[in-house]
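Worksheet for the structure shown next.
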Amino acid sequence: MNLSGTVLLVEDNELNRDMMIRRLSRAGFDVLTAGNGKQALDIMHSKMPCIVLMDMNLPVLDGWAASRRAKEDKDIGHIPIIALTAHATDDHRQYALDSGCDDYATKPVDFPGLLIKINKLIRL
Amino acid sequence: MSLRRQLTLSLVTILILFAINVGTHFWGSYARNESMAAYRNSVTAAQLSTEIEQLLEDQKQQVLILATLRDNTEDQLENTELLQAETAIDTINARIKKLGSLSRGVTELNFEMLWDSSSTLLENWITFYRNYNDPAFKKDMDDPLPFLDVRQRLQALEARQAFIASQRANIIDRTIELTDRITVIGFFASIFLTAILGYYLVSYTNRSLKRLKKGTERIGSGDLNYRIDDIDDTGELGDLAAAFNDMSDKLRNAIYDVRKARDAADEASATKSIFLANVSHELRTPLNAIIGYSEMLQDELGDTAEVNKQQFQQDLGTIMSSGQQLLSLINDILDLSKIETGKMSLHCETFNPADIIRQSCDVLSPLLRKTGNELRTDKIKALPDFYSDAAKFRQIMTNLLSNANKFTERGIIRICAEEIAERPGWVEFTVQDTGIGMSDDQINRVFDAFVQADSSTSANYGGTGLGLAICKNYSELMGGTIVVRSQPGAGSIFTVTLPTDLRSTHAAA
């Protein structure tokens, strides 16, 4: 699968962030990173990434609130967001979708599956 | 009045009426017998009187004839004739005596008068017979007065007897009439009273039973606040109503208890679900690194480009440390689960807590370099030996120290330990930091499992959120307590108080 575009990875865990940066780069993406929800919103405004991979447990502004604010913002509301979280129950999935996320993926990440989800949302 | 009293009273009343009826019946029947006897008496007396009168008349005629014969002829009386005459007179005498036996009480006076005159008359006649053959005997037997006198008195007695008999008959007739009347009245009164009492009792019990029925229906349909309090019976029915009310009270309490137990069970079940969701979340975080790095390394090895050996080694280290983190997390969860199911046991031995604190500090020192914190142990006094669970004590100290280091940056961590002067046999351990501290709300939840000060804490600082829950459970298991004082931005002070000897503590408890 040949992919390109800019991905914003919002992740506060250093290990996970490094791992995802390397894997996404290898897959062909330009990767931007943010450590919390507030940074993520700023970068979405300034860099207009193709897609956002959003962890939910984040300091300062958590992923749910950040997703809600992004979707309410007319400048960046069109950018698709995939929730990326270790909260794996149906309730959490629904909560993420209700917060405005376009899709949902659980940790540990099924990377090929995640790439398919990203591809689908970018092509829309 | 109670139902039993009412029933007893009714029964007694009816029995009394019944007894009156029976009594009057016997009275009447006695009066009838009396009447019969009196009648028979008067008939016998009348017969006797007539007979006596006849006998006297005959005897008088015989004496007159004999007297005339004696005066005019030389007639002599044979012995047998004398004997016959004496027998006849004796018979009369016996008849009169028999009449006397019938005349008692009111007619006695009349009889005595008769007896006097008849005795004289009969004596005269006997004398006449006995001296009949004696020519010198002179007696005028023509005088009719003694005979008339006897007959008159006999008739008087007869009349008197007839009068008394009729008078008594009258009285007896009236008695019979009276007893008959009483019997009839008593009979109807019994029927009337029985009917009224029966009606009253039936309607009374019916009324009370209807109320009881209504009460049971209301209580049965779930209205446990309903009270059967409109029954004025102080006896069995009142007791029954009170028992019903008591039952509904107990039922209400029981249902309240059941609801409470159900709520508690629901809450426990919800807590378990949350716990499971949290466990899943906490396990997934290190697993994400392990799986992610492994897959990535596999992908990179598949590439033609040469492998950066140093990078490769570092990534393997990451995988290993994540694995270690996962293992310690699983151990923590198992410990906590053991504690919660009450299966965690103490393994007591003799140890000195100061040694364990020093070892824990040594383990912490490489981490201290990362955070730039200074650890001060100067306030650890000489401590007495403990008889307690050394492993659990070590874990409490390790958890508290690593927590203090985790939430403090370029600050001071101080550990103090000393015996409590006013509480012999107890030692107080204090771990104090100058870190981020906690709000009151956070303090309230900080010892709960999987709770860190807030949801972003684990993101910022890592950790399972189980450490303090385990500390609290272990402290309590070892007979002690753990408390925390803290303010946001002003650091935290965790104080663990433990007994030195678990044997004496258990004995004291």
Side-chain angles (χ1 to χ4, degrees), chain A residues 1 9-28 31 34-40 53-66 83-96 99 104-115, chain B residues 270 273-305 307-308 311-312 314-326 329 370 407 436 450 452-465:
Chain A
M1 209 178 322
L9 175 69
V10 191
E11 172 67 75
D12 64 321
N13 183 297
E14 212 175 313
L15 289 177
N16 286 336
R17 190 166 60 212
D18 289 348
M19 185 256 293
M20 286 301 286
I21 290 170
R22 279 163 68 182
R23 299 191 83 178
L24 288 168
S25 303
R26 258 187 97 250
V31 184
N36 62 52
K38 198 170 175 309
Q39 276 180 10
L53 302 182
M54 181 86 82
D55 186 16
M56 291 289 132
N57 284 78
L58 293 167
V60 187
L61 183 68
D62 69 35
W64 295 285
L84 204 59
T85 170
H87 291 295
T89 63
D90 285 347
D91 286 350
H92 280 109
R93 180 191 161 80
Q94 197 53 49
Y95 187 36
S99 299
Y104 171 93
T106 54
K107 295 177 185 175
V109 179
D110 166 20
F111 198 74
L114 180 66
L115 289 183
Chain B
S273 299
I274 292 169
F275 184 83
L276 270 179
N278 283 331
V279 166
S280 156
H281 177 259
E282 297 308 320
L283 294 177
R284 278 163 189 276
T285 304
L287 269 175
N288 187 41
I290 294 170
I291 294 174
Y293 271 94
S294 309
E295 283 181 356
M296 184 179 73
L297 289 180
Q298 199 172 34
D299 288 350
E300 285 177 0
L301 281 174
D303 287 352
T304 48
V307 174
N308 180 339
Q311 178 72 54
F312 192 80
Q314 199 182 326
D315 293 344
L316 280 181
T318 303
I319 293 172
M320 274 155 58
S321 71
S322 293
Q324 287 297 332
Q325 195 194 335
L326 192 59
L329 178 64
K370 273 192 187 171
F407 296 108
I436 58 172
F450 286 123
Q452 283 179 326
D454 64 55
S455 62
S456 65
T457 309
S458 67
N460 279 331
Y461 300 98
T464 61

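The structure presented is a predicted model; accordingly, all values stated were derived computationally and were not measured.
Taken to the nearest 0.5 Å, the CG atom of A:N16 stands 7.5 Å off from the OG1 atom of B:T285. The distance from the CG atom of B:L287 to the NZ atom of A:K107 is 12.0 Å, given to the nearest 0.5 Å. Here the straight-line distance linking atom CE of B:M296 with atom CD1 of A:I21 works out to 10.5 Å at 0.5 Å rounding. With values rounded to the nearest 0.5 angstrom, A:T85 atom OG1 is found 9.0 Å from B:R284 atom CZ.
Qualifying salt bridge (Lys or Arg N to Asp or Glu O under 4.0 Å) partners for A:R22, counting only residues two or more places apart in sequence or in other chains: B:E300, B:D315. Listed by chain and residue number, A:R23, A:R26 satisfy the salt bridge (Lys or Arg N to Asp or Glu O under 4.0 Å) test with B:D299 (two or more places apart in sequence, or in another chain).
Of the two parts of B:Q311, only the side chain, counted from C-beta on, holds a non-hydrogen atom closer than 4.5 Å to a non-hydrogen atom of chain A.
The shortest heavy-atom contact between A:L15 and B:Y293 is O-OH, 3.1 Å. Between B:N288 and A:V109 the shortest heavy-atom distance is OD1-N, 3.1 Å.
By the 4.5 Å heavy-atom criterion applied to side chains, A:N57 and B:H281 are counted as neighbours.
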